[in-house]
Amino acid sequence: MKEKFFRNRLMDWNRVSNKREMPWKNETNPYRIWISEIILQQTRVEQGWDYYRRFIHEFPDIQSLATASEERILKLWEGLGYYSRCRNLIIASRQIFNEFNGKFPASYEEILSLKGVGEYTAAAISSFAFRLPFAVVDGNVLRVISRFFGIATPTDSARGKKQFKELAQQLLDKKAPGAYNQAIMDFGATICKPVNPSCNICPLQTKCTAYHEGKTDLLPQKSRKVKITNRYLTYLVIQHKQKFYIRKRTQKDIWRGLYEPLFLESDHLLTEKELVSHPLVAPYFSKKVFTIHSVSGPYLQKLTHQNIHAQFIRIYSNELIREIATAFPVSRSKMKSLSFPKIVRDYLNQQNMS
DNA sequence: AAAGCGGGGCA
DNA sequence: TGCCCAGCTTT
């Protein structure tokens, strides 16, 4: 009965007071819903908004996406982060194009089988596009439910996931699963916010456990916390005439699939002296093929799990070298068309290099 | 079960 | 500075 109160109040709030608008709201095209959901994984709505627009404009349907070049798709993703989402999106588009004959799958299990689609995204697409009764469980849902029912089970534990998923499914309005899922996420984002929730105007306040026990700031609970490592990358931005040496990141590390200038990683940023004596480039410096043109100030990018300290050493080469440690020379216009990590793109832009 | 994976906003 | 964001995959 507390469940019924929750559902009814939430749906009433949605009809009367939910003013949240987004480009993909009331969308029923599964392809467009899929794109929006992938973009929004671990990403705030405002941050994903323009990416969604650009994506749909250039790739309006499965065929256009499935037949596009990986480089072009990754370019549209540049700056958005979590690039594995983009790689998986490409794989999934080909899955749909080939295995499902270009028609977006219409069952929960089939949708879940798509690369990069987990339980949340499958429930979202299933309910929004196909009116199937699957409850979404995202960060908003976990927060709203844990507070209202006063559940302190860590949301990232196996027990917690099962518990919250079952309760979420029980709460779902089976007659309007899409509207309900949209409502609970909007509610979490605008009323039951992570910090300073608007309990004073909350339609669920009268039966909210966390509110009555003064525990809204203690819920939901997580068990794990990430430890942050510091990394120091000294980039070698080598230029010969109008070409720059870059390479593609292929190792299992951050920014896989993106491009980069060469860099040397150590436990500190390299000094010029350390740089010119490094085995990789020392011969070029001693033969005066390379000369240092400029040294940037330190750049810092804070990621969820790493602090990236970077410095960019701009180097002129008076010889055209075919390849330096897998890096090859490309033109400015080619640089523009490629996807670089944010910290590198910032430097390139400031240097007017692409 | 735990770790890895971006970038940005907010208190 | 720490936490969170329409999470998923790999180990």
Side-chain angles (χ1 to χ4, degrees), chain A residues 20 22-25 27 33-52 74 77-89 91-92 111-128 134-144 154-162 164-165 168 178 181-190 192-197 217-229 231 249 251-258 300-308 339-346:
Chain A
R20 206 169 183 224
M22 295 168 288
W24 47 84
K25 205 149 181 181
E27 180 63 67
I33 293 170
W34 168 58
I35 297 294
S36 74
E37 293 302 341
I38 302 298
I39 286 177
L40 282 141
Q41 287 168 5
Q42 290 292 282
T43 303
R44 287 168 304 101
V45 166
E46 307 80 65
Q47 192 184 352
W49 195 295
D50 284 341
Y51 283 88
Y52 172 78
L74 205 51
W77 204 272
E78 186 181 43
L80 190 55
Y82 282 155
Y83 298 92
S84 65
R85 289 182 295 172
C86 188
R87 296 195 304 273
N88 291 337
L89 191 79
I91 295 171
I111 294 169
L112 187 61
S113 78
L114 297 173
K115 193 77 172 170
V117 173
E119 291 186 354
Y120 162 77
T121 306
I125 300 173
S126 296
S127 62
F128 296 152
F134 292 90
V136 295
V137 182
D138 73 332
N140 292 304
V141 174
L142 291 171
R143 189 171 55 255
V144 172
T155 56
D156 55 354
S157 66
R159 203 163 62 84
K161 282 176 193 163
K162 184 172 188 295
F164 284 104
K165 181 182 173 183
N181 280 336
Q182 187 65 62
I184 192 169
M185 289 192 286
D186 287 343
F187 183 80
T190 60
C192 198
K193 298 172 288 186
V195 185
N196 295 331
D217 55 341
L218 299 178
L219 295 171
Q221 295 203 354
K222 273 191 186 177
S223 52
R224 288 190 286 274
K225 43 174 147 297
V226 296
K227 77 159 190 283
I228 297 174
T229 57
R231 295 178 70 177
R249 291 180 65 79
Q251 64 274 47
K252 285 188 178 174
D253 194 2
I254 55 171
W255 304 323
R256 182 147 65 106
L258 277 62
L300 173 64
Q301 184 173 13
K302 288 171 167 293
L303 307 180
T304 303
H305 46 292
Q306 310 184 7
N307 290 336
I308 306 291
S339 199
F340 289 88
K342 150 89 171 154
I343 195 168
V344 175
R345 177 56 72 188
D346 282 351

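The sequence lines fix the lettering, A, B, ..., with proteins before strands; numbering per chain opens at 1.
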For the student: nearest non-hydrogen atoms of Gly48(A) and Thr43(A), plus distance: N-CG2, 4.2 Å
Can you measure Lys222(A) atom NZ to dA1(B) atom C1' for me and round it to whole angstrom units? 15 Å
Specify the residue among Met185(A) and Leu112(A) whose closest nucleotide of DNA chain C lies further upstream toward the 5′ end. Met185(A)
Mind calculating the distance between NZ (Lys225(A)) and P (dA1(B)) to the nearest angstrom? 18 Å
Is there a side-chain contact between Asn181(A) and Phe128(A), using heavy atoms and a 4.5 Å cut-off? yes
So, is Lys115(A) near the phosphate of dT10(C), with a side-chain N or O under 4.0 Å from OP1 or OP2? yes
What does the B/S/- profile of nucleotides 4-11 of chain B look like, 5' to 3', with a 4.0 Å heavy-atom cutoff to protein? -BBBBS-S
Between dG7(C) atom P and Leu114(A) atom CG, what is the distance in whole Å? 18 Å
Check: Ile308(A) and Ile254(A) side chains under 4.5 Å, non-hydrogen atoms: yes
Whole Å only: how far is the CZ atom of Phe164(A) from the P atom of dG7(C)? 15 Å
Please check if the number of heavy atoms outside Lys162(A) that lie under 6.0 Å from its NZ is greater than 12. no
Near DNA chain C, counting only heavy atoms under 4.0 Å, which residues of residues 117-124 of chain A show up? Val117(A), Gly118(A), Glu119(A), Tyr120(A), Thr121(A)
Send over the distance from Asn140(A) CG to dC5(C) P, rounded to a whole Å. 6 Å
Heavy-atom side-chain proximity of Gln41(A) to Ile39(A) below 4.5 angstrom: no
In whole angstroms, the gap separating P of dC5(C) from CD1 of Ile38(A) amounts to 18 Å
Set out, in order, the CA-CA distance, both residues' side-chain angles and the distance that settles side-chain contact (heavy atoms from CB on, under 4.5 Å) for Tyr52(A) and Met22(A), then state yes or no. CA-CA 10 Å; Tyr52(A) 172 78; Met22(A) 295 168 288; over 6 Å; no
Quick one: are Arg87(A) and Arg256(A) in side-chain contact, heavy atoms under 4.5 Å? yes
Taking the side chain of Arg224(A) as heavy atoms from C-beta outward, which of dA6(C), dC5(C), dA1(B) is closest to it? dA1(B)
Please determine if Lys161(A) and Glu119(A) form a salt bridge, counting it only when a charged side-chain N lies under 4.0 Å from a carboxylate O. no
With a non-hydrogen cut-off below 4.0 angstrom, is Asp156(A) in contact with a base, only sugar-phosphate, or nothing? nothing
Checking all strands, does Trp77(A) fall into the base, sugar-phosphate, or nothing category for heavy-atom contacts under 4.0 angstrom? nothing
In whole angstrom, what separates Lys193(A)'s NZ from dA6(C)'s P? 13 Å
d(CD1, Ile125(A); P, dG7(C)) in whole Å: 13 Å
Separation of the P atoms in dG6(B) and dT10(C), to the nearest angstrom: 14 Å
Need one value for Arg20(A): base, sugar-phosphate or nothing, where a base atom within 4.0 Å counts as base even if backbone is also close, heavy atoms only. base
Heavy atoms under 4.0 Å, any strand shown: does Ala158(A) hit a base, just sugar-phosphate, or nothing? sugar-phosphate
With a 3.5 Å cut-off and no angle check, do the side chains of Arg143(A) and Asn140(A) form a donor-acceptor pair? yes
Leu258(A) side chain reached by Arg345(A) side chain, heavy atoms, under 4.5 Å: no
dA6(C) versus dA3(B) - spacing of their C1' atoms, nearest Å: 23 Å
